[in-house]
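Encoded as structure tokens, the structure appears first; notes follow it.
Letters A, B, ... are given to chains in the order of the sequence lines, protein chains preceding strands, and every chain is numbered from 1. All values below come from the heavy atoms of this structure, side chains included, with hydrogens, waters and symmetry mates left out.
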Protein chains: 2
Amino acid sequence: MASSGRPTVRDIARHAGVSVATVSRVTRDDPKVAPATRERVQQSIDALGYTPSALGLSLAYQRHHTLGIVLPGLGGPYFAELVQGVESVAVAAGIAVNVLGTHFRPDAAQAVTQLAQRTDALVVQGGTVDQALLAEIAQSMPVVLVAGTSDHLATVRTDGHAGSREVTSHLVEVHGHRRLRFLGAPDGSPDPTARYHGFRAALEDHGLTEAGAPLRFGFEAKYGAIAARELDAEGDLPDALVCANDELAFGVLATLPGLGRSIPGEMAIVGFDDNSLAGLASPTLTTVHQPTFELGATAARIALEPTRDGAAPAVPLPPDDRVLETRTVIRESCGCAV
Amino acid sequence: MASSGRPTVRDIARHAGVSVATVSRVTRDDPKVAPATRERVQQSIDALGYTPSALGLSLAYQRHHTLGIVLPGLGGPYFAELVQGVESVAVAAGIAVNVLGTHFRPDAAQAVTQLAQRTDALVVQGGTVDQALLAEIAQSMPVVLVAGTSDHLATVRTDGHAGSREVTSHLVEVHGHRRLRFLGAPDGSPDPTARYHGFRAALEDHGLTEAGAPLRFGFEAKYGAIAARELDAEGDLPDALVCANDELAFGVLATLPGLGRSIPGEMAIVGFDDNSLAGLASPTLTTVHQPTFELGATAARIALEPTRDGAAPAVPLPPDDRVLETRTVIRESCGCAV
DNA sequence: CCGGTGGATGTAACCGGTTACATCTGCCAC
DNA sequence: GTGGCAGATGTAACCGGTTACATCCACCGG
């Protein structure tokens, strides 16, 4: 039945009049094949259009040559850039990337468990998966947590607390703002939480303890727009708005001026991430730069390290905590002229 | 060596004192097992923490229980929503989704070929993969092209030409604009191309043949911002700007007003897609609604259809062309008061 | 008492690769 | 002429599941 479906090693072996071992040697460029035989096998391979099955290879090598990455969802430039960072490393190592979005999936835990079965290592965005589950998975394969902290896992993150504290201090010290609010839900994911705490720390540094409650919203641009409309409807705006990420800030930026409220005239605004849009919108966005691409690339490097030389037994990763630098980028939206 | 690594069927069989066939019957809920035996096997399974290997299952069933989706990249709400549509169908069918971003990958063709090996069906966004390659893959597995046309493939799309023509006509007929420009590179992907041609058709309908060249930019918000700065620098704005998607429109919206140019006062603007942000920004965005989620869901349904009952031999899909409805949504940014 | 029946279980082949080890060949040195 | 060796190739087991078919056994009716 060589006719149905894709040809297999045994089809090639029969066609070329050799054994499967020899065919395998040819496909793997094993030098222990006589030139004439190699030539004959190669012709059969070309004639039948043979490609080794990924499934068979995975089974034999006990390796999938695939890296899994778990995110809440695919929306927004942060995740897009993170994934690109991961891919840049994986692709260079000849490893495929498998992206899983957990947002809106009730069966996230199960989906991650399945993903773990189809991959050699996992890169997980903080706040997407229960840490107990992750710790268990991490016992049998490399798992790297991005933008989160853990006693048991390898982590890669930036210091959101310090960055947020610094940019908030700028608003208070340089521009003299005193009524500041935070936009973004400071619970759930570790990143927004750290940023909120940095914001609070800066306020306390300056004796501003009466800060209003954070505006609890999701992290996509549309929530920035919704928040902007609410703020406008409330009447008086705060002096400055510290957003959990740039996306939210753009949502505000695309809404408030249209409602007749000037930025930064009536209200200053700062973001977090330093998106590609941050330096281009008007006013340009004051924000905290974080190396998102590098975050993904570093996580991928750590995750793939134990898998590197073919033979390694995919040992679990030791706990570790790598912190990448952030940098405050002052532009126009805080009120600074340029 | 039952101690190292995950337990297999044979480990369970030994532990429970039965054959592998019986273990397999228990895991598959085959009724042909005596209750007492089933109980004993189940205890061994629980004791050793056994889960059938996805790899073994795939090999035996010749099926991956995985659907692949190919996109240019993960940026922007359009793709996020498309993926969610695909996932909604796949997850309900107990099928995993594997997302591949081809953007910035020099080896896109190879990556897609690999993906095809690890999945049962493919959903491909138009303009990401060479059609000849797709046609070849489609001979051995179901492939659905989203937002593209083809003589040889099953396709699902919306009529971007008609939608774009309609919204452009609105700008001309209702608001009397005569100097219109199109934002977005009208080559490469089929979607922007169709929208550009619809735009041109509307102009010709009204005898406006002197339209300027399209502003050739990518399709992310940042390019909207760049275009806005260029337009502002040029001096006089067109009467109206027709954007290839909402993202671009928001880039413009987050930039031009800050440069002192009012929208829609000095220039009207319309988008395409009807993002979640479209009704929230200010001015609210006039745009063409397209059922993005449904686009993904429909594509997934078609792709998975031949795979549905376990036994089917994954027959290639017959060529087909399904067109989903679009609807023009008039809001404020075209100049209409609300 | 014996043959037939059907339910429970085991054996072994198969899915598509890799690879340890065995075998076969030709050549060389003694 | 023969033993040893090395290089080329084949055989068969293995990775982790499923499943056609064989086997075993208890029970039944004649």
Phosphate contact (D/dG10 OP1 or OP2) by A/T22 side-chain N/O below 4.0 Å | yes

Tell me: CZ of B/R63 to C1' of C/dC15, nearest whole Å?
-> 14 Å

Between C/dG16, D/dG17, D/dG10, spot the one nearest the side chain of A/A21, thanks.
-> D/dG10

Specify the residue among B/S19 and A/L55 whose closest nucleotide of DNA chain C lies further upstream toward the 5′ end.
-> B/S19

Taking everything shown except B/H152 itself, do over 12 heavy atoms lie less than 6.0 Å from its NE2?
-> no

Would you kindly give the CZ-to-P distance between A/R10 and C/dA13, to the nearest whole Å?
-> 13 Å

Contact class for A/S24 vs. all strands (heavy atom < 4.0 Å): base, sugar-phosphate, or nothing?
-> base

For the pair A/T119 and A/M141, evaluate side-chain contact (heavy atoms from CB on, under 4.5 Å) and give the outcome as yes or no after the intermediate values.
-> CA-CA 9 Å; A/T119 53; A/M141 70 194 290; 3.6 Å; yes

Check ion pair A/R157-A/D321 (N to O, under 4.0 angstrom) | yes

Roughly, in whole Å, what's the span from NE2 in A/H64 to C1' in D/dC15?
-> 11 Å

Is there a donor N/O on one and an acceptor N/O on the other, under 3.5 Å, for the side chain of B/R6 and the base of D/dG16?
-> no

Less than 3.5 Å apart, which donor and acceptor atoms pair up between the side chains of residues 77-86 of chain A and the rest of the protein, not counting sequence neighbours?
unit_1: A/Y78; atom_1: OH; unit_2: A/Q125; atom_2: OE1; d: 3.3

Angle by which the axis turns from one end of the helix from C/dC1-D/dG30 to C/dC30-D/dG1 to the other, five pairs per end, to 10 degrees = 80°

Separation of atom CZ in B/R40 from atom C1' in C/dA8, rounded to whole Å | 12 Å

Identify every side-chain donor-acceptor pair in residues 30-38 of chain A under 3.5 Å, counting partners at least two apart or on other chains, and give the distances.
unit_1: A/D30; atom_1: OD1; unit_2: A/K32; atom_2: N; d: 2.9
unit_1: A/R38; atom_1: NH2; unit_2: A/D30; atom_2: O; d: 2.9

Can you check whether any acceptor in the base of D/dG10 is under 3.5 Å from a donor in the side chain of A/R25, or vice versa?
-> yes

Minimum-distance nucleotide (side-chain atoms of B/L59 versus C/dC15, D/dG10, C/dT18) = C/dC15

When we call it a touch if two heavy atoms are under 4.0 Å apart, what does A/T8 touch: a base, just sugar-phosphate, or nothing?
-> sugar-phosphate

Taking the side chain from A/D120 and the backbone from A/L67, do they hold a donor-acceptor pair closer than 3.5 Å?
-> no

Selection from D/dC21, D/dC15, D/dT18 that lies nearest to any side-chain heavy atom of A/Q62 | D/dC15

Could you tell me the separation between the CZ atom of B/R14 and the P atom of C/dG10, rounded to a whole number of Å?
-> 14 Å

B/D11 CG - D/dC14 P separation (whole Å) | 14 Å

Position toward the 5' end of DNA chain D (nearest nucleotide), B/K32 or B/Y50 | B/Y50

Heavy atoms under 4.0 Å, any strand shown: does A/V20 hit a base, just sugar-phosphate, or nothing?
-> base

Between the main-chain N or O of B/Q43 and the side-chain N or O of B/D46, is there a donor-acceptor pair closer than 3.5 Å?
-> no

Phosphate-side-chain proximity, A/T37 and D/dT9, N/O vs OP1/OP2 below 4.0 Å | yes

Report yes if a side-chain nitrogen or oxygen of B/R28 is closer than 4.0 Å to either non-bridging phosphate oxygen (OP1 or OP2) of D/dT19; otherwise report no.
-> yes

B/R38 CZ to C/dT9 P, in whole Å, measures 10 Å

Donor-acceptor pair, side chain of A/Q117 and main chain of B/L55, under 3.5 angstrom | no

Over how many whole Å does the gap from B/Y61 atom OH to C/dG16 atom C1' extend?
-> 18 Å

